[in-house]
Amino acid sequence: MSRTTEAVLVSLAAALAGAGAVIASLAAGEAPTYDALVAPAVFLAAFGGLLLAVRRWAGRAARSLVPLAAWLTALGWVEVARIDRDLGRLQQWWLLVGAALAAGTLYLLRRRGVGVLRRYRYLFLVTGLGLLLLPLLPAGWPVRGVTLNGSRLWVRLQAGDLSLSFQPGEAAKLLIVAFLASYLADRHRALTVMPRRLGPVGLPEPRQLLPVLLAFGVSFAVLIYQRDLGASLLLFVVFAAMLYAATGRLAYPAAALVLLAGGGLAAYQYFDHVRARVEAWLHPFADFAGTGYQVAQGLFALGSGSLTGTGIGAGHPQLIPAAATDFVFAAIAEELGLAGGLAVVAAYALLAAAGFGIALRSRDPFRKLLAGGLTLTLVVQTVLIVGGVLRLLPLTGITLPFMSYGGSSLLANLVLISLLARVSHEEGS
Amino acid sequence: MPALALHLIKIGFIALLYLFLWAVGRGIAGHLRAESARSEAPTVAVTESPAQAGLTFRVTGPLILGRSPDADVVLDDQFASDFHARLAFQGGEVRLHDLGSTNGTFVNGERLAAPLTLARGDRVQIGQTVLELR
């Protein structure tokens with residue numbers, strides 16, 4: 001892809017945001033609002049700015065990353081703004097902040113590259129785990145956890161009348177992937193050797209397994225205390241996959257699967273919120289007005305979308321609980337149909353291909369694992385939430401990267417894109 | 001706004017979405033194809049040698065050929081220098097460098113003066129050992 005194509009595509013994504021806003025107004029029988037003018041300008045400023053930052057500080061980066069992120073964010077924004085105009089306006093601010101943060105990341109790494117991150121790995125680990133557990137702080141503190149929809153994954157910062165809420169788990173996932181990439185890049189040999197045997201199964205030295213068990217423990221703690229099924233699964237799956245990528249040993253994903261099955265069964269037995277999710281997955285219409293309501297409304301939305309959808313602004317996605325966040329995929333599939341839904345899936349598949357391509361090309365183990373791990377978080381998150389909406393998997397509340405409304409999520413994922421761009425720059429392309 | 005016009009606008013919007021993805025996908029596919037072509041490391045076979053004829057190895061990265069036990073490919077050949085030559089596989093090409101060997105490195109009978117890109121079927125002679133790029 002040439003530089004010109006890249007710039008044209010980013011502009012096209014901005015135009016799509018504006019066109020979507022116009023179409024939504026027309027369908028509602030209203031005159032287009034100023035949002036239809038402001039949106040393309042904001043998208044052009046954010047992604048154009050990010051593109052310039054990439055060219056300046058990561059000139060040899062893969063050219064597909066920024067356009068894909070712009071496409072996903074633009075389409076997600078159209079749907080979010082159409083469901084709730086105010087959320088759409090807020091999301092534009094988050095987009096500008098996120099793009100600035102991503103550009104800032106590239107600026108900070110401009111001389112020493114991503115390799116400098118290895119030095120801070122234990123700081124990342126401690127900060128990451130701390131952020132994950134932050135929502136557990138009791139109410140009444142200036143920084144405190146907030147329970148929303150039965151999950152305790154928000155933190156509210158209160159200083160006088162000002163309050164700011166954020167989901168620390170989103171930043172934690174980046175820090176933990178950076179830690180794991182650095183840790184596994186050093187330890188992959190020790191973890192590959194399996195000197196002990198347990199029947200037909202080879203085992204690495206027990207102390208090498210400590211981090212694996214720690215990851216499992218942290219994931220489980222997040223599940224129990226924060227009731228956050230999504231973050232818990234995301235952490236665990238990404239960790240197991242990165243271990244496999246680093247060692248090439250199938251024993252790790254196999255062990256992870258056993259732990260996952262055991263942990264899942266235990267969680268189903270002992271935790272009501274997990275059992276409710278599984279019940280709603282298997283029989284969404286059994287308790288239609290209660291636990292099954294969200295999944296069932298999502299299915300109705302997918303169904304009424306049919307092949308090409310009702311058209312933006314002509315459906316009723318606001319009937320789905322959390323339509324602008326977790327269920328934005330169902331909202332898009334309602335208004336743009338199977339065709340639009342498949343386009344979204346295809347965009348994530350392309351992003352995965354680009355990200356894993358960067359990992360494959362990398363010679364340095366740290367960069368390889370960092371690119372692979374970052375791409376994995378996007379992929380696993382997408383599979384978990386799209387699978388949950390489509391009823392292929394039990395629903396785990398997690399954002400759809402770039403598309404869901406949410407500041408923390410958008411910020412973290414834009415920084416993620418800048419890190420991928422930097423890795424691909426350093427490994428040449 | 002008539003329903004038909006709205007329907008056409010919707011189809012146009014979806015078409016634009018796919019057009020975008022097609023453009024990006026073409027770029028990524030080209031990239032991955034180039035990468036997979038590049039990552040298929042070529043094989044080098046030892047065709048003549050006092051002791052190692054029939055041996056093959058793949059040029060996955062830079063390799064030092066020589067008599068020293070520290071070389072990546074240890075040549076059992078008394079006419080080879082300790083660190084005789086270097087084979088590198090970069091950007092889909094195999095480059096051969098002579099490392100200042102005593103008896104020289106020959107490609108298709110000609111003594112190597114500067115680093116050279118090898119083609120398939122080229123015969124590289126180091127001492128009494130002849131290698132062929134497959």
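Below, chains carry the letters A, B, ... as their sequence lines are ordered, and counting in each starts from 1. Nothing here was measured: the structure is a model prediction, and the numbers come from that model.
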J.: Taking all non-hydrogen atoms of both residues, which atom of A/R367 and which atom of A/E427 are closest, and how far apart?
T.: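 What the structure gives for the nearest pair is NH1-OE2, 2.8 Å.
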
J.: Applying side chain to side chain contact (heavy atoms under 4.5 Å, CB included), run through A/V328 and A/Y405 and close with a yes or a no.
T.: CA-CA 8 Å; A/V328 72; A/Y405 169 74; over 6 Å; no

J.: Test B/L87 against every option in B/D72, B/V124, B/L118 by the side-chain contact (heavy atoms from CB on, under 4.5 Å) rule and name the one that passes.
T.: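 Only one of B/D72, B/V124, B/L118 forms a side-chain contact (heavy atoms from CB on, under 4.5 Å) with B/L87, namely B/L118.
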
J.: Using non-hydrogen atoms and a 4.5 Å limit, figure out which bit of A/L75 sits close to chain B: side chain, backbone, both or neither.
T.: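 Contact with chain B is through the side chain of A/L75 alone.
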
J.: Could you pull out the closest heavy-atom pair between A/L51 and A/A7, with the gap in Å?
T.: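 So the minimum-distance heavy-atom pair works out to CD2-CA, 4.0 Å.
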
J.: Please give me the minimum heavy-atom distance between B/I28 and A/L350, naming the atom from each residue.
T.: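 In this case the closest contact between B/I28 and A/L350 is CD1-O, 3.4 Å.
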
J.: Please name the pair of heavy atoms, one in B/R95 and one in B/P115, separated by the smallest distance, quoted to 0.1 Å.
T.: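 Scanning both residues, the minimum pair turns out to be NH2-CB, 3.8 Å.
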
J.: Which atoms form the tightest heavy-atom contact between A/S424 and A/A61, and what is the distance?
T.: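 Of all heavy-atom pairs spanning A/S424 and A/A61, the closest is OG-CA, 3.1 Å.
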
J.: By number, which residues in residues 8-21 of chain B have some heavy atom less than 4.5 Å away from chain A?
T.: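 If one takes a 4.5 Å heavy-atom cut-off, the residues of residues 8-21 of chain B near chain A are B/I9, B/K10, B/I11, B/F13, B/I14, B/L16, B/L17, B/Y18, B/F20, B/L21.
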
J.: Only one of A/L378, A/L400, A/V383 passes side-chain contact (heavy atoms from CB on, under 4.5 Å) with A/Y348; say which it is.
T.: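 Looking at A/L378, A/L400, A/V383, the match for A/Y348 under the side-chain contact (heavy atoms from CB on, under 4.5 Å) is A/L400.
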
J.: For a quick test of reading the model, state the closest non-hydrogen atom pair linking A/L302 to A/A333 and the distance between them.
T.: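 Closest pair (atom of A/L302, atom of A/A333, distance): CD2-CB, 3.4 Å.
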
J.: Against chain B, work out which of A/G340, A/P67, A/S2, A/A346 has the most heavy-atom pairs shorter than 4.5 Å and name it.
T.: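 If we count pairs closer than 4.5 Å to chain B, A/P67 comes out on top.
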
J.: Taking atom NE2 of B/H97 as the centre, does the number of heavy atoms from other residues, nucleotides or ligands within less than 6.0 Å exceed 12?
T.: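 Check passes, neighbour count above 12.
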
J.: Which atoms of A/T310 come close to chain B, meaning under 4.5 Å heavy atom to heavy atom: side chain ones, backbone ones, both, or neither?
T.: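 A/T310 touches chain B through backbone heavy atoms alone.
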
J.: Contact part of A/E335 toward chain B, heavy-atom cut-off under 4.5 Å: side chain, backbone, both or neither?
T.: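 A/E335 touches chain B through backbone heavy atoms alone.
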
J.: Using heavy atoms and a sub-4.5 Å threshold, report which of residues 12-34 of chain A line up against chain B, by residue number.
T.: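 Only A/L12, A/A13, A/L16, A/A19, A/G20, A/I23, A/L26, A/A27 of residues 12-34 of chain A have a heavy atom under 4.5 Å from chain B.
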
J.: Could you walk me through whether B/R67 and B/L75 pass the side chain to side chain contact (heavy atoms under 4.5 Å, CB included) check?
T.: CA-CA 5 Å; B/R67 204 155 44 101; B/L75 300 174; 5.6 Å; no

